[in-house]
Amino acid sequence: LHNHAQKFINRIYDKLKEEICFIGGDRLEKVMIKNYEFICLPSLKRNLLSIIVSIFEARTILKKLKPKFVFATGGYITIPVGIASITLGLPLILLEQNSIPGKTNRFLAKFAKLIFTGYPIASFSQKKTFFSGNPVAEILHDKKTKLLVFGGSQGSKAINELIKNNLTELSTLGLEIIWITGEKTYESITNDLTKYKNNENLYILNKTNIEICPFRNDIPELLAKTKIAISRSGAMSISELTENCIPTLYIPYPYATDDHQTFNAKYIVDNQAGEMIFEKDLNNAVFIKTLIKLNNSINTYQTALKKLPNNATGIIIDKLKQKGLI
């Protein structure tokens with residue numbers, strides 16, 4: 001029911017062994033969902049009348065599908081489908097991925113049969129809430145030789161500028177660099193670095209390979225080769241990095257709803273499993289010092305990362321079985 005839900009479906013589909021239908025909006029998920037039936041709510045917009053219309057559309061869809069339960073991951077699409085499931089008496093299961101619950105999940109939580117959370121959250125009913133972590137891809141293993149930089153699905157101008165201004169220093173870490181810029185700034189970044197260009201995506205500085213690309217579709221394979229990372233602190237990004245035991249410098253997006261990215265990263269930092277710098281506090285010296293610390297103390301961070309909860313998919317499947325839903 002949300003862009004991130006396609007990640008959840010991919011993680012648990014093989015274990016569910018159930019027929020799955022994905023209900024989404026006329027957005028990114030419409031393109032990304034390929035392996036499951038996809039039903040679009042095209043009329044849904046962010047206003048009351050549209051939501052009411054979409055609730056009735058969702059009721060019609062659910063009546064036809066007759067699902068065992070509805071699994072929702074938050075976001076605006078969850079409101080009409082969640083309400084429709086409640087009015088039809090269908091079990092509603094929620095996954096709250098962030099450390100601060102979104103408005104949608106806060107509203108629907110009182111009606112949900114089960115709630116899974118990516119972080120410990122005290123604001124939901126403890127009788128039906130389980131700290132599962134967020135489901136991630138099957139962990140792959142490879143020789144870890146890379147520094148991964150990415151600023152979320154849209155990229156981050158602040159992170160990109162920081163990397164561009166410190167490429168010489170980064171090239172001394174002894175790691176290959178994979179730099180995912182996002183679509184918006186890719187062209188300007190690569191234009192500024194033309195003198196280092198070797199081929200289409202490869203740049204070389206001080207004998208260090210720097211691969212610059214707007215996006216990557218092979219994130220699980222890439223994470224298997226990543227030693228340390230620089231990232232925003234969205235829930236799924238943190239989950240992927242944590243499960244792969246990658247010590248990371250988190251730079252929270254300062255305008256995230258309820259500042260949830262800061263609280264996501266704080267959970268990792270409080271467990272000594274990574275580092276965080278606020279965007280307003282970024283400067284070259286602190287940035288490089290923090291990366292050197294991550295790189296030099298890799299074993300300490302990895303030990304802490306291994307202590308964090310994992311097996312989210314298994315926990316979710318077990319609880320659904322216990323409730324007789326699968």
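Owing to the predicted nature of the structure, the values given are computational and were not obtained by experimental measurement.
Panel note: side chain N283, backbone A285; a donor-acceptor pair is recorded below 3.5 Å.
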What do the steps show when you test R216 against E211 for side chain to side chain contact (heavy atoms under 4.5 Å, CB included), and what is the final call?
CA-CA 11 Å; R216 291 283 292 259; E211 184 180 341; 2.8 Å; yes
Quick one, N295 with K227, criterion side chain to side chain donor-acceptor pair (under 3.5 Å). Give me CA distance, side-chain angles, the key distance, then yes/no.
CA-CA 8 Å; N295 198 34; K227 183 179 181 184; 3.1 Å; yes
Any chance you could lay out the side chain to side chain contact (heavy atoms under 4.5 Å, CB included) test for K68 and L325, step after step, and finish with the verdict?
CA-CA 6 Å; K68 291 182 179 179; L325 295 172; 5.7 Å; no
Can F107 and I83 be said to form a side chain to side chain contact (heavy atoms under 4.5 Å, CB included), step by step?
CA-CA 10 Å; F107 169 72; I83 292 174; 4.1 Å; yes
Let me see the working for N160 and T185 under side chain to side chain donor-acceptor pair (under 3.5 Å), right down to the final yes or no.
CA-CA 8 Å; N160 286 340; T185 55; 2.7 Å; yes
The test is side chain to side chain donor-acceptor pair (under 3.5 Å); show your working for E96 and N105 and say whether it passes.
CA-CA 7 Å; E96 176 50 63; N105 279 350; 2.9 Å; yes
Audit row: I212, T181, side chain to side chain contact (heavy atoms under 4.5 Å, CB included) steps and yes/no:
CA-CA 7 Å; I212 306 177; T181 64; 3.7 Å; yes
How far apart are the C-alpha atoms of E176 and K144, what are their side-chain angles, what is the distance that settles it, and do they pass the salt bridge (charged side-chain N to carboxylate O under 4.0 Å, His left out) test?
CA-CA 10 Å; E176 301 171 62; K144 293 184 175 292; over 6 Å; no
For a salt bridge (charged side-chain N to carboxylate O under 4.0 Å, His left out) check, start with the C-alpha distance between R232 and E279, then their side-chain angles and the critical distance, and finish with the verdict.
CA-CA 10 Å; R232 289 298 197 190; E279 189 172 301; 2.8 Å; yes
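Counted within 6.0 Å of CD on E187, heavy atoms from surrounding residues, nucleotides or ligands total 12 or fewer; the atom is thus considered open. Residue K157 places its NZ atom among 12 or fewer non-hydrogen atoms of other residues, nucleotides or ligands, all under 6.0 Å distant. No more than 12 heavy atoms of other residues, nucleotides or ligands lie within 6.0 Å of CD in E200, so this atom counts as exposed by the packing criterion. The number of heavy atoms from other shown groups lying within 6.0 Å of NZ (K195) does not exceed 12.
Looking only at side-chain heavy atoms (C-beta outward), T129 and T117 come within less than 4.5 Å of each other. Counting heavy atoms from C-beta outward, D259 and Y253 have side chains that stay 4.5 Å or more apart. Contact annotation: the side chain of I177 never approaches that of K146 to less than 4.5 Å [non-hydrogen atoms, C-beta and beyond]. Within the 4.5 Å cutoff, no side-chain heavy atoms of F278 are placed close to those of I251. Residues F69 and I326 are in side-chain contact: their nearest non-hydrogen atoms beyond the backbone lie under 4.5 Å apart. With contacts defined as side-chain heavy-atom distances shorter than 4.5 Å, the pair L62/I23 qualifies. Inter-residue side-chain proximity for S123 and P101 is flagged as met; some heavy-atom pair is nearer than 4.5 Å. Counting heavy atoms from C-beta on, the side chains of L223 and I219 come closer than 4.5 Å.
Placement of L147 and I189 within a single hydrophobic cluster is found when ILVMFWY residues are connected by side-chain heavy-atom separations under 4.5 Å, directly or transitively. Grouping the Ile, Leu, Val, Met, Phe, Trp and Tyr side chains by contacts below 4.5 angstrom, directly or via other members, places L90 with L41. Grouping the Ile, Leu, Val, Met, Phe, Trp and Tyr side chains by contacts below 4.5 angstrom, directly or via other members, places L282 with L249. Under the 4.5 Å side-chain heavy-atom criterion for grouping Ile, Leu, Val, Met, Phe, Trp and Tyr, I115 is connected to F111 within one hydrophobic cluster. Under the 4.5 Å side-chain contact rule for hydrophobic residues, L308 and I228 do not share a cluster.
Shown here are the side chain to side chain donor-acceptor pair (under 3.5 Å) partners of N191, two or more places apart in sequence or in another chain: there are none. In terms of the side chain to side chain donor-acceptor pair (under 3.5 Å) criterion, residue partners of K293 (sequence neighbours excluded) are, by chain and number, E275. Residues satisfying the side chain to side chain donor-acceptor pair (under 3.5 Å) criterion with N284, sequence neighbours excluded, are N166.
Note: F131 and Y267 have perpendicular aromatic rings, judged against thresholds of 30 and 60 degrees for the angle between ring planes.
Of the charged side-chain nitrogens involved, none lies within less than 4.0 Å of a carboxylate oxygen, so that K289 and E169 do not count as a salt-bridged pair. A salt bridge between K323 and D318 is absent, with no side-chain N of the basic residue lying under 4.0 Å from a carboxylate O of the acidic one.
No hydrogens or angles considered: a donor-acceptor pair under 3.5 Å links the side chains of N264 and S99. Checking R59 against T87 by side-chain atom types alone, a donor-acceptor pair falls below 3.5 Å.
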